[in-house]
Every structure is written in C-alpha cells, then in structure tokens.
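To start, the structure itself, in structure tokens.
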There are 2 protein chains.
Amino acid sequence: MADTLHQRIRSDIETRILSGTWEPGYRIPFEHELMEQYRCSRMTVNKALSSLAEAGLIERRRRAGSFVARPLAQSAVLQIPDIPAEITARGDAYGYELLSSTRRKSTQEDRDRLRATGNGVLPVLDLCCRHLARGEPFAIEERLMNLAIVPEDAITAFKTTPPGTWLLHHVPWTEAENRIYAVQAGPAKAKLLGVAPDKACLVVERRTWRGADTVTFVRLTYPGDLYQLVAQFTPTR
Amino acid sequence: MADTLHQRIRSDIETRILSGTWEPGYRIPFEHELMEQYRCSRMTVNKALSSLAEAGLIERRRRAGSFVARPLAQSAVLQIPDIPAEITARGDAYGYELLSSTRRKSTQEDRDRLRATGNGVLPVLDLCCRHLARGEPFAIEERLMNLAIVPEDAITAFKTTPPGTWLLHHVPWTEAENRIYAVQAGPAKAKLLGVAPDKACLVVERRTWRGADTVTFVRLTYPGDLYQLVAQFTPTR
DNA sequence: AAGTGGTCTAGACCACGTT
DNA sequence: ACGTGGTCTAGACCACTTT
C-alpha cells in the first residue's frame with residue numbers, strides 16, 4: 001500500500017480511522033509506542049503523524065497524546081453548507097419540516113444516483129424535507145442515504161433534525177462532489193417553495209463518500225434570489 | 001514571520017515566488033546551499049522544501065534540483081474554468097466574439113466591484129464578450145480588469161482570445177472567490193443568448209487576487225440547461 | 001560518473017499542558 | 001514535575017536522473 005515506511009505508518013492509521021475502528025476522540029499510540037511497533041526512529045513516526053495532523057485526521061496535544069479528530073462542523077461548513085447554521089448566522093429563525101421518509105432496498109436507479117460501485121443491494125433511506133427561514137420556504141431537500149453506513153437508529157432523529165446537519169456531526173467523509181445548475185422551479189417545487197413555476201432556482205446536487213462507499217446523495221433546490229453559493233479558494237492544493 | 005526555522009525558510013521562499021522575484025521555472029538553491037545560508041541541518045531545509053512541494057509551489061527533481069512550479073492551466077481549470085478548453089474537450093466547435101471593450105480610469109463603482117482596497121484611482125478595462133459552442137451562444141462574459149496588473153499590450157489580444165484564457169496562462173493568482181446564483185435571463189441577456197426572457201440562467205461571479213491586489217472581476221451568465229458547475233473536494237485542507 | 005533529492009537513524013533540547 | 005509532541009542535528013545509504 002506504500003513503498004516507504006512513513007507512508008505505510010500513515011496509511012495504516014488512516015485506514016483504521018476511515019473504517020471507524022478508531023472513532024473520533026480515540027487516543028492513538030504515542031510516538032514511542034509506534035517506534036517500537038514499527039522498529040524505526042522517532043523522526044519517521046513523527047513524519048507520519050505530522051502528515052495526518054496537517055490533513056486534519058488527527059489532533060496532537062503536548063503531554064496528552066494524539067487523538068482522532070472529530071469531524072469539525074465549522075471547517076466542513078466551508079464547503080458543505082449547514083443550512084440551519086447559515087440561516088441562524090444571518091439572524092433569521094430557522095424551521096425544518098420532514099415531508100416524507102421511506103426505507104427500502106435500493107433500486108438500480110438509487111445505486112446510479114449514489115454512484116455505488118459494489119453490486120450489492122444496499123438498504124437506503126429516501127427522504128424529502130423543507131428548510132424555512134423566517135417561516136418562509138428557503139430550500140427543498142431531496143436525499144438518499146446509504147443505510148450500510150448511516151446507522152438505522154439515526155432515522156428517528158430526522159423527524160426533528162435536518163439530515164445534513166446530523167451527517168456533518170456524525171459521519172466523517174473523505175470526498176465530495178458538488179454539481180450546480182439552474183432550472184425553472186416547475187409546478188411541484190413551485191408549490192413547495194411558494195414561488196411562480198417559471199422562477200429561476202439554484203440546484204446543488206452533492207455526493208459524499210467515505211473511502212470507497214457513497215454516504216449520501218442530496219439535491220437542494222433554492223429560489224434564485226434567496227441563496228448564493230460562495231467559494232473562496234487558492235490555486236493548486 | 002515565523003517562529004521556527006523551517007517555517008522561516010519556507011516563508012522566505014514562498015514570498016519570493018509570490019512576489020514574482022523567482023519566476024516559474026527558476027531553480028531555487030540546492031538543499032546544501034540553503035543549509036549553509038541558514039546554518040542548519042539538511043533535515044530542516046528538507047522539511048521546508050517538502051512542504052512547498054506538497055503545496056504545489058515548487059517541483060523537485062532528483063539530480064536536477066528544485067524549481068518554481070509553472071501555473072498549471074490544467075490544475076487551475078479544476079476551479080477556474082477555461083471555457084474554450086471545456087467546449088473543445090466535449091467535442092464542440094468553440095467561438096468567441098468581443099462585444100465591447102472600454103479603457104477608463106476606475107469609478108467608485110468599479111472599485112467596489114473589484115473590492116479594491118487601496119484608494120488610488122487605478123486604470124481599468126471593462127469588456128463584454130460572448131462564448132459560442134457549435135455556433136450557438138453558450139455564455140455571456142462581463143469583465144473588469146485591473147490594468148495596474150494586466151499589461152496594456154494584452155488588450156489587443158482580447159480581440160481574438162478570451163480574456164479568461166489569457167489570464168489563466170499569464171497572470172498567477174493567489175486567491176479567488178466564486179459567487180454563484182440563479183436568475184431569469186431578462187430581456188437584454190435573453191437576446192444575446194437567444195433564449196426566452198424568463199429562462200433560468202446560472203451566474204458565476206468571480207474575483208481573483210494576486211496578493212493584496214485584485215486582478216479581475218468577471219460575471220458569467222449561462223443558460224441553465226447548457227452548463228453545470230462541478231466541484232470535487234475533500235474535507236479540511 | 002556524479003550529484004541531486006528521498007528516506008532514515010539515534011540521539012538531543014525545549015515548550016507546553018496535564019497532573 | 002513529568003511526559004508529550006515540536007524541533008533540530010550530523011551523520012548515512014539509496015534511487016534516480018542528468019551529464
């Protein structure tokens with residue numbers, strides 16, 4: 001999996017974190033323990049751990065040790081928006097309505113949407129909800145979740161907590177893809193959003209992965225004048 | 001500027017690259033030269049250079065040395081789209097039309113748009129152009145460029161080369177902000193794009209900086225069904 | 001063939017936070 | 001006070017690439 005020692009140490013630890021074997025908060029072995037385990041010098045262990053810390057997978061505290069990082073809502077927000085946080089941040093009251101929720105074995109269409117690679121029939125949760133700001137419709141959320149990753153007892157939480165928020169705080173992810181385009185609302189969404197059917201809407205479709213597994217697919221539809229997507233970035237990295 | 005030695009070495013080099021003192025392709029001093037210069041061990045120099053290489057600012061080649069990386073159009077494309085490249089990549093003929101081009105001293109409104117921090121009256125170029133795919137309108141581009149950064153003799157190039165493409169290949173940038181929303185086309189843009197006035201359009205507004213100076217502001221308007229913005233990303237970083 | 005960067009060692013001292 | 005991680009040293013061997 002890696003041709004140098006510090007890469008192997010790094011990937012060994014990374015695997016255990018991403019698989020969930022070592023959960024957020026877990027104290028990973030001290031540098032001197034890893035030195036013994038891999039029979040190498042401290043610099044080599046240190047290089048592996050520093051790299052994991054730079055990537056945000058672990059947190060290092062002097063005298064205390066190194067710990068698997070908790071998925072930081074704050075940092076994730078930079079790229080995966082947390083709708084309730086955004087609305088309350090600008091001083092508006094936030095509201096949430098679960099419109100429908102269905103648990104089923106995935107159809108082929110579901111697996112296509114999730115870009116699921118394996119050919120197993122995984123259980124999925126298909127739900128639809130509405131976000132409100134100041135009591136007015138703000139966005140429609142259509143979501144498909146992989147129940148092989150999301151624990152089933154989370155489902156009850158979605159009656160009162162938006163699934164996106166729950167996921168951000170509970171499920172670490174390694175990769176995501178946003179697909180953004182504009183459409184006219186159309187009759188169904190127009191009714192749910194309280195706008196004219198020819199209203200221009202911004203649509204954000206997002207897939208999120210943890211390692212090789214898709215965690216969720218979500219389509220968010222916003223009335224065009226209520227929401228702007230802002231991304232600040234730097235070259236390369 | 002930094003409290004550890006390897007951070008200071010890194011930031012010294014980074015400064016020279018971003019200021020343009022060391023241009024793309026410049027061979028930076030060998031590790032053993034930096035060892036002498038900073039009177040430190042090779043590990044320390046190596047840590048600084050490895051970090052710069054990871055960040056994509058330099059390229060390291062055995063036996064040859066370390067070089068300031070060229071602004072890779074390919075990597076920039078991931079986040080700042082190059083419209084001609086995208087259109088030809090999907091096999092369509094690309095067309096470009098310059099609709100208007102005005103050189104002037106910046107008004108207050110121009111400086112607001114550019115988010116210009118200094119209070120000097122900088123010269124700007126205000127232009128509008130149209131991108132075509134298969135001979136059909138694909139996007140309208142409205143752009144404001146800072147002529148304190150963009151050399152004036154580039155202006156003639158814009159008669160035949162889209163300004164975005166020219167900028168990507170000639171002006172390195174350090175930061176950018178995308179602002180994305182949806183609007184109905186409206187009468188003027190509808191005519192230029194050849195769509196109905198109530199057509200949903202995707203708008204991408206982008207500001208680009210080099211250090212403290214804004215390089216350009218651009219607003220791109222796409223018919224909603226012709227274009228999707230796709231962004232792949234990972235957490236933290 | 002020579003010289004570069006990549007990796008690794010076996011030590012060291014220090015800052016800092018937990019105890 | 002103690003033990004952790006942060007940093008640094010002065011070596012070493014190797015792979016690779018250019019000459």
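Note that these values count all heavy atoms, side chains included, but never hydrogens, waters or copies made by symmetry.
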To the nearest Å, give me how far apart [atom1] ([X]) and [atom2] ([N]) are.
{"X": "A:Glu33", "N": "D:dG3", "atom1": "CD", "atom2": "C1'", "result": "12 Å"}
{"X": "B:Glu36", "N": "D:dA10", "atom1": "CD", "atom2": "P", "result": "13 Å"}
{"X": "A:Met43", "N": "D:dG6", "atom1": "CE", "atom2": "P", "result": "12 Å"}
{"X": "B:Phe30", "N": "C:dG6", "atom1": "CZ", "atom2": "C1'", "result": "16 Å"}
{"X": "A:Leu34", "N": "C:dC8", "atom1": "CG", "atom2": "P", "result": "14 Å"}
{"X": "A:Arg63", "N": "D:dG5", "atom1": "CZ", "atom2": "C1'", "result": "12 Å"}
{"X": "B:Lys47", "N": "D:dG6", "atom1": "NZ", "atom2": "P", "result": "8 Å"}
{"X": "A:Arg39", "N": "C:dA10", "atom1": "CZ", "atom2": "C1'", "result": "16 Å"}

Around atom CD of A:Glu23, are there more than 12 heavy atoms of other residues, nucleotides or ligands at under 6.0 Å? no
Does atom CD of A:Gln37 have more than 12 heavy-atom neighbours, drawn from other residues, nucleotides or ligands, at distances under 6.0 Å? yes
D:dC16 base / B:Arg61 side chain donor-acceptor hit below 3.5 Å: no
Under 3.5 Å, is there any donor-acceptor pair linking the side chain of A:Arg42 to the base of D:dG5? yes
For the side chain of A:Ala64, counting heavy atoms from C-beta on, which of C:dG5, D:dT7, C:dT18 is nearest? C:dT18
The nucleotide from D:dA15, C:dT7, C:dA15 with an atom nearest the side chain of B:Asn46 is C:dT7
Would you indicate what A:Ser66 reaches in the nucleic acid, counting non-hydrogen atoms under 4.0 angstrom: base, sugar-phosphate, or nothing? sugar-phosphate
Classify A:Leu49 by what it touches in the nucleic acid, base, sugar-phosphate, or nothing, heavy-atom distance under 4.0 Å. nothing
Do A:Thr216 and A:Arg143 have side-chain atoms, one donor and one acceptor, less than 3.5 Å apart? yes
Under the criterion side-chain hydrogen bond (donor to acceptor under 3.5 Å, both in side chains), I'd like the reasoning laid out for B:Arg111 against B:Ser106: C-alpha separation, chi angles, the key distance, then a yes or no. CA-CA 6 Å; B:Arg111 290 190 291 277; B:Ser106 64; 2.9 Å; yes
Hey, what's the ring geometry for A:His131 with A:Tyr96, parallel, tilted or perpendicular (30° and 60° as the breaks)? tilted
Can you tell me if the side-chain N/O atoms of A:Thr44 get under 4.0 Å from OP1 or OP2 in C:dT9? yes
Quick one: is B:Arg60 getting a side-chain N or O under 4.0 Å of the C:dG6 phosphate, OP1 or OP2? yes
